[in-house]
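Just so we're clear, the structure is a prediction, and the values are computed from it rather than from any experiment.
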Amino acid sequence: MTAMDNRPSINLLTLPLLDALCRDAGQLRVVEQRLSNGCQVIDAGINTPGGLEAGRRIAEICMGGLGHVALNGDGKIKRWPLSLNVHSSDPVLACLGSQYAGWSLAYDEGKKGAFHALGSGPGRALAGKEELFGELAYRDSCDSTCLVLEVDRFPPLELTEKIAHDCAVEPAMLTLILTPNHSLTGTTQVVARVLEVALHKAHALGFPLYDIVDGSGSAPLSPPSPDFVTGMGRTNDAILYGGHVHLFVKGSDSAACDLAESLPSGSSPDYGKPFSQVFKAYNCDFFEIDPMLFSTAQVTVSCLESGNTFHAGEIDEQMLDRSFGED
């Protein structure tokens, strides 16, 4: 029932958050139901409205109970005053060990077509399907778990059976939270990945993960869109052009400075257009887009050993207006 090396069990930490989500389902405008095999499915925006608070809470579940997400009307960005502020005192485990959408899930339903989703949340640490968990030296153990799927339809029963098997839990002990891209819930929980996106790029750059001691991030909340590509583009642009992350790291000043200069999204040659246009230019293939694009617009890195802080990147409000549909 506990994680390895005395580190916290992210699955145990999410249990009270999940219980609260189900308890408050009515006021959050989400619907909980059981499939024939007992798997719990929480519809957070497909056949029910969902909302900002549901998305905020689901984002905290997605971070394995190791993150705090707040809606803040600070007016930092003139035309888009509502922002999401994210903090974790264990950002590597919260963001890469749980929140990162790294588990590819697929099932061919024959005449009904194929179902595909990327799973995020604490269930990833039970299944351990990704090489990343070897680098993190982390595996969890728990008799119940949950995943968040950014989908607009319910998963096939057979896929829920496979997920439960891979997580070594009974289907009745598996919860799948569905947050479609076009919903308020889905938009909120995606923008709340602002810190995770920066952690993922730091990993791609080869920065020592456990030299990242603490971190926070913020990004403006983008308006949802019924069009999948438009909505997906806006949530990405909220981070790429409006996100700001502050990391507190161990190590040398030179390493901290290099991280700050390399981390912003502006270091990518694909930077400079709304993400929906970039996506279409690559024939809607995420894997063709320069991976260095996926980061925050602005970065602050504080070196704990020297006390020095390094800054890079900038917020682009004009691009946010262009992406979010401001006249």
(request) Check each of Gln189, Glu196, Gln99, Arg193 against Ser120 using the side-chain hydrogen bond (donor to acceptor under 3.5 Å, both in side chains) test, and report the only one that passes. (result)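 Result: among Gln189, Glu196, Gln99, Arg193, Arg193 is the only option passing the side-chain hydrogen bond (donor to acceptor under 3.5 Å, both in side chains) with Ser120.
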With the threshold set at 4.0 Å, does a side-chain nitrogen-carboxylate oxygen contact exist between [X] and [Y]?
| X | Y | value |
| --- | --- | --- |
| Glu53 | Arg57 | yes |
| Arg124 | Glu130 | yes |
| Asp237 | Arg322 | no |
| Arg34 | Glu32 | yes |
| Asp19 | Arg23 | no |

Please say yes or no: joined through hydrophobic side-chain contacts below 4.5 Å, possibly via intermediate residues, are [X] and [Y] part of one cluster?
| X | Y | answer |
| --- | --- | --- |
| Leu184 | Val151 | no |
| Leu52 | Leu21 | no |
| Leu15 | Leu147 | no |
| Ile61 | Trp103 | no |
| Val86 | Val245 | yes |

If only side-chain N and O atoms count, and only distance matters, is there a donor-acceptor pair under 3.5 Å linking [Y] with [X]?
| X | Y | result |
| --- | --- | --- |
| His246 | Asp214 | no |
| Ser268 | Asp290 | yes |
| Ser267 | Lys201 | yes |
| Thr179 | Glu150 | no |

Strictly under 6.0 Å, is that where the ring centroids of [X] and [Y] end up?
| X | Y | answer |
| --- | --- | --- |
| Tyr271 | Tyr241 | yes |
| Phe154 | Phe115 | no |
| Phe286 | Phe275 | yes |

Backbone of [Y] reached by a side-chain donor or acceptor of [X] within 3.5 Å:
| X | Y | value |
| --- | --- | --- |
| Thr188 | Arg56 | no |
| Asn47 | Asp43 | no |
| Arg139 | Phe133 | no |
| Ser218 | Leu84 | no |
| Thr160 | Leu157 | yes |
| Asp140 | Asn11 | yes |
| Ser262 | Asp258 | yes |

(request) Determine, stepwise, if the pair Thr185 / Ser183 fulfils side chain to side chain donor-acceptor pair (under 3.5 Å). (result) CA-CA 5 Å; Thr185 309; Ser183 67; 4.5 Å; no
(message) I'd like to check Thr296 versus Leu240 (side-chain heavy atoms, cut-off strictly below 4.5 Å). Are they in contact?
(response) no
(message) What I'd like to find out is whether the side chain of Phe207 reaches to under 4.5 Å of the side chain of Val249, using heavy atoms alone.
(response) yes
Does [X] [atom1] have over 12 foreign heavy atoms under 6.0 Å away?
| X | atom1 | result |
| --- | --- | --- |
| Glu314 | CD | no |
| Gln318 | CD | no |
| His116 | NE2 | yes |
| Glu170 | CD | no |

(message) Measuring from atom NE2 of His244 to atom OG1 of Thr300, what distance do you get when rounded to the nearest 0.5 angstrom?
(response) 3.0 Å
(request) State the CG-CG distance between Leu13 and Leu18, to the nearest 0.5 angstrom. (result) 13.0 Å
Taking all non-hydrogen atoms of both residues into account, name the closest pair between [X] and [Y] and its distance.
| X | Y | result |
| --- | --- | --- |
| Arg153 | Ile46 | N-CD1, 3.7 Å |
| Pro224 | Arg234 | O-NH1, 3.3 Å |
| Val299 | Ala260 | CG1-CA, 4.1 Å |

(message) Working note: Glu135 + His203, criterion side chain to side chain donor-acceptor pair (under 3.5 Å); need CA distance, chi angles, decisive distance, verdict.
(response) CA-CA 10 Å; Glu135 297 181 54; His203 174 239; 2.8 Å; yes
(request) Let me see the working for His200 and Phe294 under side-chain contact (heavy atoms from CB on, under 4.5 Å), right down to the final yes or no. (result) CA-CA 8 Å; His200 186 258; Phe294 297 99; 5.8 Å; no
(request) Determine the sole option in Asp152, Leu149, Thr48 for which the side-chain contact (heavy atoms from CB on, under 4.5 Å) test with Leu178 is passed. (result) Leu149
(request) Begin with the C-alpha distance, continue with both residues' side-chain angles, and end with the deciding distance and a verdict on side-chain contact (heavy atoms from CB on, under 4.5 Å) for Glu261 and Phe310. (result) CA-CA 8 Å; Glu261 291 179 351; Phe310 306 91; over 6 Å; no
